[in-house]
Amino acid sequence: MQLRYSFRVYPSAGQRTALARAFGCARVVFNDALRVREEARAAGLPFVTSAELSKRLTAAKKTPERAWLGEVSAVILQQSLRDVDTAYRNFFDGLKGKCPRMGAPRFKSKRDNRQSIRFTANAAWRITPGGKLRLPKIGDLRVKWSRSLPSDPSSVTVIKDAAGRYFASFVLETGPEEVLPEVAPELGIDLGLGHFAVLSDGTKVDSPRFLRRAEKRLKKAQRDLSRKQKGSSNRGKARVKVARAHARAADARREFHHQLSTQLIRENQAIAVEDLCVKGLARTRLAKSVHDAGWSAFVSMLEYKAARYGRTLVKIGRFEPTSQVCSRCGVKDGPKPLSVRVWTCGACGAVLDRDVNAAVNVAKAAGLAVSACGAQVRRAPVPAQRSEAGTHPKRPTRLVWGQAGIPGL
């Protein structure tokens, strides 16, 4: 399977200028190609092919108006044309029902939160023996290697986010050598807001609420931004501060998701989760808390890690009455308000914890062999493990050449 490995890069002032030029050229080529196809559609002409767009790009580089396109690598310009094709393909496939419905391709702006360029193998980029990323017509970028690459990457994408940070994202192939040995446990997970995840074995993982904890700092940064004059340099600096505050909360949430998902995948052979309608829940009064939890991102991590390490992930239907059925006797006891956290089954008399009972029912609905004993109410709350609820402290990392997977190309 294909994976992405992302690393922070620190370009110099001159390299930032070169990257800005490359971002702008790639954006102009994308917009020109989109404009050509939209004008042809409006005029009733046939769809302009990719080959024709490539010919027009070559001709445009020889004109005075677009001669500056030759200042950047030709590969990133061709990749912009590939991005146009991908945007149209996703749009048409969505109309045909082959994939989730996507919006029509839109023009890019230099004020977009994300700017990116992509270099493929024929761009002659490489990792130097000193551990720097050498890009054509940009130079050697300093990379903070946090881990080794398991194989030779096929392409690299340089990204600038809204906070002004730069990242290098490598695409590489991984083989079956990463499959973990089989283990016995099978697990059901009930995702929620009071606790981020409740497991069928009775473990409850507290919700860190990263956005709620950062609200005070975000409020101050947003208030300072609103008081700056539009178009001024101070407003631009204040905007970056707001973006960095949001990025810190997002990074902490992503790290929490990675740690918890990796632990669950390593310790369990099969995992069952509920297919939640996050888009619908995000339209309720709980919208901020739902977005703060990040259920969709967590489930996506479980999906690709299960495929990578040879585990099984099962999604059950969102209309399964997991909170209404007794996990002991299987009798449906009817819906209950959210304020009811513990209830007694009218048929067998079992005292059930609502969330643990739901997690056990999720596992049973997925066909996993779990015990219902964990569905009994626990007199004391089970705290989350430190490795699940926290993040690793910042520690210096160094690049050790000779490690497998970081070749000096």
Side-chain angles (χ1 to χ4, degrees), residues 4 6-24 26-27 30-31 103 106-117 141-144 146 157-169 193 196 206-260 278-279 281-298 300-301 389-394:
R4 282 191 176 272
S6 184
F7 302 93
R8 183 81 179 269
V9 296
Y10 297 90
S12 63
Q15 291 168 347
R16 287 196 296 268
T17 302
L19 285 172
R21 184 186 303 114
F23 291 146
R27 184 175 61 248
F30 183 95
N31 290 341
R106 68 171 185 86
F107 293 99
K108 293 186 177 182
S109 171
K110 66 179 180 180
R111 295 180 179 84
D112 288 343
N113 291 334
R114 185 180 184 274
Q115 304 284 343
S116 65
I117 52 176
L141 301 179
R142 185 168 62 92
V143 185
K144 185 176 182 181
S146 56
T157 303
V158 182
I159 304 168
K160 180 184 178 183
D161 65 3
R165 303 179 301 176
Y166 293 84
F167 297 90
S169 178
L193 296 178
F196 176 78
D206 290 334
S207 179
R209 296 185 176 91
F210 295 105
L211 181 61
R212 295 288 187 180
R213 285 159 46 186
E215 276 186 334
K216 185 176 181 180
R217 182 171 62 252
L218 288 169
K219 180 179 179 181
K220 182 180 183 303
Q222 191 67 48
R223 183 171 62 244
D224 293 341
L225 174 62
S226 65
R227 293 173 177 173
K228 298 296 186 292
Q229 184 178 358
K230 291 186 177 181
S232 64
S233 298
N234 286 336
R235 184 176 179 85
K237 296 176 185 178
R239 184 199 61 79
V240 171
K241 287 184 179 180
V242 173
R244 287 178 178 174
H246 279 285
R248 281 194 291 269
D251 291 345
R253 183 186 302 110
R254 189 181 304 110
E255 177 70 12
F256 168 74
H257 287 165
H258 271 298
Q259 291 182 4
L260 180 58
V278 179
K279 186 178 294 185
L281 292 172
R283 290 194 290 264
T284 65
R285 59 186 179 88
L286 301 175
K288 182 181 289 189
S289 298
V290 170
H291 287 303
D292 192 10
W295 295 327
S296 295
F298 176 71
S300 298
M301 290 181 186
T391 56
H392 288 305
K394 293 183 178 180

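Just so you know, these numbers use all the heavy atoms, side chains as well, and skip hydrogens, waters and symmetry mates. Remember, predicted model here, so these are calculated numbers, not experimental data.
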Original post:
Would you call R106-D112 a salt bridge at under 4.0 Å N-O?
Top reply: yes
**OP:** List the atom of Y10, the atom of Q15, and the distance in Å for their closest heavy-atom pair.
**Re:** O-OE1, 4.5 Å
Subject >> Pairwise distance CG(N113) to NE2(H246) - rounded to 0.5 angstrom >> reply: 10.5 Å
Original post:
Hey, are the side chains of R253 and L211 touching, using non-hydrogen atoms and a 4.5 Å cut-off?
Top reply: yes
Original post:
What heavy-atom pair brings I117 and A26 nearest, and what distance separates the two atoms?
Top reply: CG2-CB, 3.9 Å
Original post:
Distance from T157 atom OG1 to F167 atom CZ, nearest 0.5 Å?
Top reply: 13.5 Å
Subject >> Partner residues of K220 under the salt bridge (charged side-chain N to carboxylate O under 4.0 Å, His left out) criterion, sequence neighbours left out >> reply: D224
Original post:
Tell me, do H258 and M301 make a side-chain contact under 4.5 Å, heavy atoms counted?
Top reply: yes
Original post:
Looking only at heavy atoms, what is the nearest atom pair of A221 and V242, with distance?
Top reply: O-CG2, 3.4 Å
Subject >> K160 and R165: CA distance, side-chain angles, deciding distance, side chain to side chain contact (heavy atoms under 4.5 Å, CB included) verdict >> reply: CA-CA 6 Å; K160 180 184 178 183; R165 303 179 301 176; over 6 Å; no
**OP:** Using atom types as modelled and distance alone, determine if a side-chain donor or acceptor of R209 lies under 3.5 Å from a backbone N or O of L193.
**Re:** yes
Original post:
If every non-hydrogen atom of L281 is compared with every non-hydrogen atom of T284, which pair is closest and at what distance?
Top reply: O-OG1, 2.6 Å
Original post:
How long is the span from the CZ atom in R239 to the CZ atom in R111, to the nearest 0.5 Å?
Top reply: 10.5 Å
**OP:** Return the set of residues passing salt bridge (charged side-chain N to carboxylate O under 4.0 Å, His left out) with K228 (not counting sequence neighbours), or none when no residue passes.
**Re:** none
Original post:
Can you tell me how far the NZ atom of K279 sits from the OG atom of S296, to the nearest 0.5 Å?
Top reply: 9.5 Å
Original post:
Taking the side chain as C-beta and beyond, is there a heavy-atom pair between D161 and R114 under 4.5 Å?
Top reply: no
**OP:** Decide whether S289 and R212 meet the rule of one side-chain donor and one side-chain acceptor closer than 3.5 Å.
**Re:** yes
Subject >> Minimal non-hydrogen separation, V9 against A168, with atom names >> reply: CG1-CB, 3.7 Å
Original post:
With side chains defined as the heavy atoms from C-beta onward, is the minimum distance between P11 and L19 less than 4.5 Å?
Top reply: yes
**OP:** Please indicate whether R244 has more than 12 foreign heavy atoms, meaning atoms of other residues, nucleotides or ligands, lying under 6.0 Å from its CZ.
**Re:** no
Subject >> Set of ring-ring contact (aromatic ring centres under 6.0 Å, His included) partners for F7, sequence neighbours left out >> reply: W145, F170
Original post:
Can you name the residues that form a ring-ring contact (aromatic ring centres under 6.0 Å, His included) with H257, not counting sequence neighbours?
Top reply: F196, F298
Original post:
Any side-chain heavy atom of I159 within less than 4.5 Å of one from S169?
Top reply: yes
**OP:** Might you point out which heavy atoms bring A245 and R217 nearest each other, and give the distance in Å?
**Re:** CB-NE, 4.5 Å
Original post:
Considering only heavy atoms from C-beta outward, does the side chain of V278 approach that of V290 to under 4.5 Å?
Top reply: yes
Original post:
Can you name the residues that form a salt bridge (charged side-chain N to carboxylate O under 4.0 Å, His left out) with R254, not counting sequence neighbours?
Top reply: D251
Original post:
Are L225 and R235 close enough that some pair of their side-chain heavy atoms sits under 4.5 Å apart?
Top reply: yes
Original post:
Are R8 and Y166 side-chain neighbours, meaning at least one heavy-atom pair lies under 4.5 Å?
Top reply: no
Subject >> All side-chain hydrogen bond (donor to acceptor under 3.5 Å, both in side chains) counterparts of R223, not counting sequence neighbours >> reply: none
